[in-house]
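There's a structure below that I have some questions on.
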Amino acid sequence: MCEYLDSLNPEQQQAVLHDGKSLLILAGAGSGKTRVITTKIAYLIRERGFPPASILAVTFTNKAAREMAARASRIEARACGAMLKTFHSFGAWFLRRNAALAGLHPGFVIYDDDDAVSLLGTLLEDTPKIELRKIAADISRAKDYFLSPEDPELDLVDHTPGFRGLYARYEEKKRKIGNVDFGDLIKMPVEILRNNAGLAAGLRDRFSVIMVDEYQDSNVAQFRLLYELKGKTTYLCAVGDDDQSIYRFRGAEVKNILEFPDRFPGTDIIRLERNYRSFAPILNLASQVVNHNSGRLGKTLTACRAGGKKPVLAFLPDQDEEARFCAELIGRSVTDAGPERARYSDWAIFYRTNAQSRGFETELVWRRIPYRVVGSLKFYEREEIKDALALFALLANPRDEVAFRRMVNKPARGIGGASVEKIIDVFEKQFLFSEKGLLEAARQAALSPKAAAGVKVFAGVLDRGRALLAGKADRLSARMPLKSGEGLSVCAAALICDSGLAGYHSSHDEVNGYQRTENLQELVDAASLYPASMDGLAEFLEHIELDRSIEEKNRPEDFDAVTLITLHNTKGLEFRRVVLTGLEQGIFPRDDKEADDLEEERRLFYVGVTRAMDELYLCSCAMRRMYGRTQPMLPSLFLREADKSLLRIIGAAPAGFGAGKGGAAGTHGQAGCGTGYGGYGAENGGYGAVTGKSSSDGRWKQGERVFHDDQGYGSIAGIEEGEDGPVIKVRFDNGHETRFLSTYQSSKFTKIGSED
DNA sequence: TAATCGATCTTTTTT
DNA sequence: AGATCGATTA
């Protein structure tokens with residue numbers, strides 16, 4: 001009756017059918033956890049009769065939430081009625097509906113990290129930005145741990161004497177303004193639910209099923225939220241993998257998953273340990289390295305995909321060679337005529353820090369290899385965009401002091417620092433609850449004629465924006481630098497143009513060759529999807545704050561390009577062929593890491609390796625330019641932790657790196673690379689040896705040289721027709737002979753080109 | 001008010 | 001090396 005369950009393995013089925021108690025699914029990398037979650041949602045609706053709206057599934061990223069929604073509704077259309085949200089968007093959803101209870105302005109805006117720093121700046125004048133950032137980060141961390149200014153444990157986050165008081169003042173100011181920061185999106189709902197039994201009961205009644213993805217990356221506050229949401233009969237199902245917890249530095253608490261069964265007594269645990277993604281040799285490497293971690297729940301992943309080649313470990317002279325290595329590898333694979341031919345999008349280059357992407361970009365541009373860099377697009381962090389958003393925010397919540405300070409005199413309207421302080425002062429004394437907030441205060445304050453005139457202009461701009469939202473103003477037909485289309489974009493364009501922001505930035509464009517006007521236009525275009533109303537504005541701002549991924553306009557998702565990406569961003573992704581770069585001590589892991597931090601880095605290595613489906617390459621450089629200096633590097637600890645027999649080593653292994661043992665891999669590395677490496681720039685030699693596969697018919701020629709990890713070099717003595725296809729006869733230089741089917745795949749076998 | 005010049009620092013960052 | 005920030009200068 002449920003054909004969609006048939007394709008699941010027994011554990012997956014068990015997880016989908018599980019019922020009653022709480023469930024913790026320990027899902028190893030590539031074990032099909034998303035499939036289980038989505039199938040389970042569909043199953044609960046279809047077979048168990050749960051109303052879609054009674055199901056809540058929380059994830060950490062919007063991308064994951066979207067994917068989950070799409071996949072679940074493919075199995076069961078009604079699944080689109082389930083609530084699939086990120087933790088933070090769930091919090092925002094909740095607060096928006098209970099803004100009054102939370103003491104928030106109805107049009108409250110979500111502050112990002114920068115805004116939090118600015119807010120702190122109004123509290124601590126003349127404090128260097130870097131200190132403000134540290135304080136903001138600590139406040140954010142405190143909220144991750146569900147700590148309030150009065151909590152004794154706050155000292156564990158920051159024991160600086162003034163911190164507690166500052167945190168309190170920050171909260172007080174934010175409360176006055178009526179906005180929230182990211183941490184509040186989780187922390188405040190918990191507090192509200194604790195203080196409003198009725199509201200809590202209502203929510204518990206609504207959601208009879210709660211599923212959480214990537215549970216290993218949840219923080220204490222998020223645990224508390226779940227705890228509040230879970231009623232006596234709520235079915236709670238958490239999915240995660242303790243080996244993939246990589247956000248500890250941001251407050252993620254592995255204990256959440258380790259102690260889940262204690263926190264929710266009677267929990268059943270189901271392990272998904274069959275890996276469908278990677279070839280066995282790749283998985284072996286990952287397992288072996290992560291085994292060096294202590295305090296794991298422990299899993300034994302088994303590869304369903306037998307065969308495949310060993311991961312290649314390339315020792316390279318420096319980062320330029322590393323970039324060349326990647327480019328050649330990729331270039332060769334896509335021009336390969338055989339069935340092993342790859343597409344650019346099969347490939348991804350992983351690195352630890354964003355700064356490392358540069359070298360790869362230069363090389364790929366040079367070679368005309370298309371690529372996309374994931375996560376480095378900081379559209380919403382650009383000055384002009386933040387400016388525009390501040391204008392919108394001030395319209396949504398006229399008490400937003402941060403936005404007001406940012407924009408009241410930009411571009412210059414003759415409102416200097418003293419005037420601004422005067423305005424704020426008047427506001428706090430007389431207009432705290434005025435509907436027009438700071439603008440009303442600005443109008444009433446006793447200012448110099450110049451400043452007063454400036455205020456009039458600024459307030460007029462916002463008034464017009466407000467009128468547009470209320471449908472009480474004509475749309476502007478005048479020639480504006482920005483084109484507006486539908487809905488909210490009219491108001492957005494009006495604000496940006498009337499305020500002089502567009503002109504201000506377009507003059508910069510001409511001088512500096514920026515493209516800020518274009519960016520502003522893009523923002524206006526995005527606004528056209530929302531209705532021209534106060535609610536539409538709040539919705540628009542909320543969407544931007546909570547989901548900063550922007551669809552690449554000119555590059556559809558399926559654009560055939562290599563992916564450049566930091567290791568952290570790879571979680572949840574997979575690629576056929578992966579190059580994991582910069583495997584050097586000091587880069588990955590960073591050398592200031594020890595104990596728990598080192599274990600987290602090791603998990604990051606694990607995450608990276610397990611992204612690869614078919615082929616994995618690891619690069620380690622002997623020299624690297626860092627901070628403007630070229631310095632010698634040592635291979636990463638993680639490479640030393642791997643058994644050399646699991647790797648195929650090419651390039652010059654540094655002294656002391658497994659070379660002494662004289663194992664097959666080591667010997668091969670030296671020998672195989674004599675040609676491989678030397679012939680680097682050559683068209684056919686070089687890494688053809690590495691990328692060549694031994695699997696296809698017709699690619700074997702008599703006399704061709706091959707290499708076998710155990711037998712060493714040899715050549716193809718002949719090809720015979722057997723029952724199951726062509727049989728290859730190999731005579732090794734050591735005298736041995738062997739036969740194998742041409743379709744046979746062995747990680748120990750490599751074709752190395754027809755001549756020696 | 002903007003442009004420019006040195007001093008300083010350098011992770012990862014779903015939301 | 002390169003970005004970023006704050007102070008200095010025009």
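Values below: every heavy atom of this structure, side chains too, minus hydrogens, waters and symmetry copies. To find a chain, count down the sequence lines: A is the first, B the second, and so on, and within it residues start at 1.
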Check whether any side-chain nitrogen or oxygen of A/Asn569 sits under 4.0 Å from OP1 or OP2 of B/dT13, and answer yes or no.
yes
What integer distance in Å separates A/Ile246:CD1 from B/dT14:C1'?
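Rounding to the nearest Å, CD1 of A/Ile246 and C1' of B/dT14 are 9 Å apart.
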Taking side chain to side chain contact (heavy atoms under 4.5 Å, CB included) as the test, write out the residues that go with A/Arg96, two or more places apart.
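Per chain and number, A/Arg96 pairs via side chain to side chain contact (heavy atoms under 4.5 Å, CB included) with A/Phe108, A/Ala538, A/Glu542.
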Which sits closer to the 5' end of DNA chain B, A/Ser89 or A/Arg413, going by the nucleotide each is nearest to?
A/Arg413
So what does A/Arg629 hit on the nucleic acid, given a heavy-atom distance under 4.0 Å: a base, only sugar-phosphate, or nothing?
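A/Arg629: no heavy atom of the nucleic acid under 4.0 Å.
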Taking atom P of B/dT14 as reference, at what distance in whole Å does atom CG of A/Leu84 sit?
21 Å
Atom CD of A/Glu600 to atom C1' of B/dT13: distance rounded to whole Å?
11 Å
Any A/Asn62 side-chain nitrogen or oxygen under 4.0 Å from OP1 or OP2 of B/dT15:
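Yes.
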Could you tell me whether the side-chain ring of A/Phe249 sits stacked on the base of B/dT12, using a centroid cut-off under 5.5 Å and a plane angle under 30°?
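It does: the ring sits over the base of B/dT12.
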In whole Å, what is the span from the CD atom of A/Glu131 to the P atom of B/dT8?
15 Å
Taking side chain to side chain contact (heavy atoms under 4.5 Å, CB included) as the definition, give me every residue that meets it alongside A/Ser118, ordered by chain and number, with sequence neighbours left out.
A/Val402
Among all residues two or more places apart in sequence or in another chain, which pass the ring pair (Phe, Tyr, Trp, His ring centres under 6.0 Å) test with A/Phe223?
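So A/Phe223 forms a ring pair (Phe, Tyr, Trp, His ring centres under 6.0 Å) with A/Tyr227, A/Phe264.
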Would you kindly give the CG-to-P distance between A/Asp113 and B/dT12, to the nearest whole Å?
14 Å
Return yes if some donor-acceptor pair links the side-chain N/O of A/Thr610 with the main-chain N/O of A/Tyr606 below 3.5 Å, else return no.
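Yes; at least one donor-acceptor contact below 3.5 Å.
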Distance between P atoms of B/dT12 and C/dC5 (Å, rounded):
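It works out to 15 Å between them.
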Most 5' of A/Ile130 and A/Leu567 on DNA chain B, judged by nearest nucleotide:
A/Ile130
Choosing from B/dT13, B/dT11, B/dT10, which nucleotide comes nearest the side chain of A/Tyr627?
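Nearest to the side chain of A/Tyr627 among the choices is B/dT10.
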Ring pair (Phe, Tyr, Trp, His ring centres under 6.0 Å) against A/Trp366, all qualifying residues, sequence neighbours excluded:
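Scan of A/Trp366 (ring pair (Phe, Tyr, Trp, His ring centres under 6.0 Å), adjacent residues dropped) gives none.
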Across the strands shown, which category fits A/Phe87 at heavy-atom distances under 4.0 angstrom: base, sugar-phosphate, nothing?
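The residue A/Phe87 makes no contact with any strand.
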Using a cut-off of less than 4.0 Å, is there contact between a side-chain N or O of A/Thr566 and OP1 or OP2 of B/dT13?
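Yes, A/Thr566 has a side-chain N/O under 4.0 Å of OP1/OP2 on B/dT13.
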A/Tyr504 side-chain proximity, nearest of B/dA2, B/dT15, B/dT11:
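Selected nucleotide: B/dA2.
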Can you give the first and last nucleotides of DNA chain C, 5' to 3', that have an atom under 4.0 Å from a heavy atom of chain A?
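That gives a stretch of C/dA1 to C/dG6.
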A/Tyr380 has an atom OH; how far is it from atom P of B/dT14, in whole Å?
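After rounding, the reported distance stands at 14 Å.
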Within this structure, what is the CG-to-P distance between A/Leu546 and B/dT15, rounded to whole angstrom?
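It works out to 8 Å between those atoms.
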Classify A/Asp217 by what it touches in the nucleic acid, base, sugar-phosphate, or nothing, heavy-atom distance under 4.0 Å.
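Counting heavy atoms under 4.0 Å across all strands, the contact made by A/Asp217 includes a base.
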Nearest to the A/Asn354 side chain among B/dT14, B/dT15, B/dT12, which nucleotide is it?
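Side chain of A/Asn354 sits closest to B/dT12.
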Quick one: A/Arg352 CZ to B/dT13 C1', roughly how many Å, whole number?
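Atom CZ in A/Arg352 sits about 11 Å away from atom C1' in B/dT13.
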Students often get this wrong, so: under 4.0 angstrom with heavy atoms, is A/Arg141 touching a base, only sugar-phosphate, or nothing?
nothing
Donor-acceptor pair under 3.5 Å: do we get one between A/Arg590's side chain and the base of B/dT12?
no
Do A/Phe360 and A/Tyr371 have their ring centres less than 6.0 Å from each other?
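Between A/Phe360 and A/Tyr371, the centre distance exceeds or equals 6.0 Å.
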For the ring pair A/His292 and A/Phe605, is the centre-to-centre distance below 6.0 Å?
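No, the ring of A/His292 stays outside the 6.0 Å limit from the ring of A/Phe605, centre to centre.
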Got a sec, which residues hit ring pair (Phe, Tyr, Trp, His ring centres under 6.0 Å) with A/Phe540, two or more places apart in sequence or on another chain?
A/Tyr530
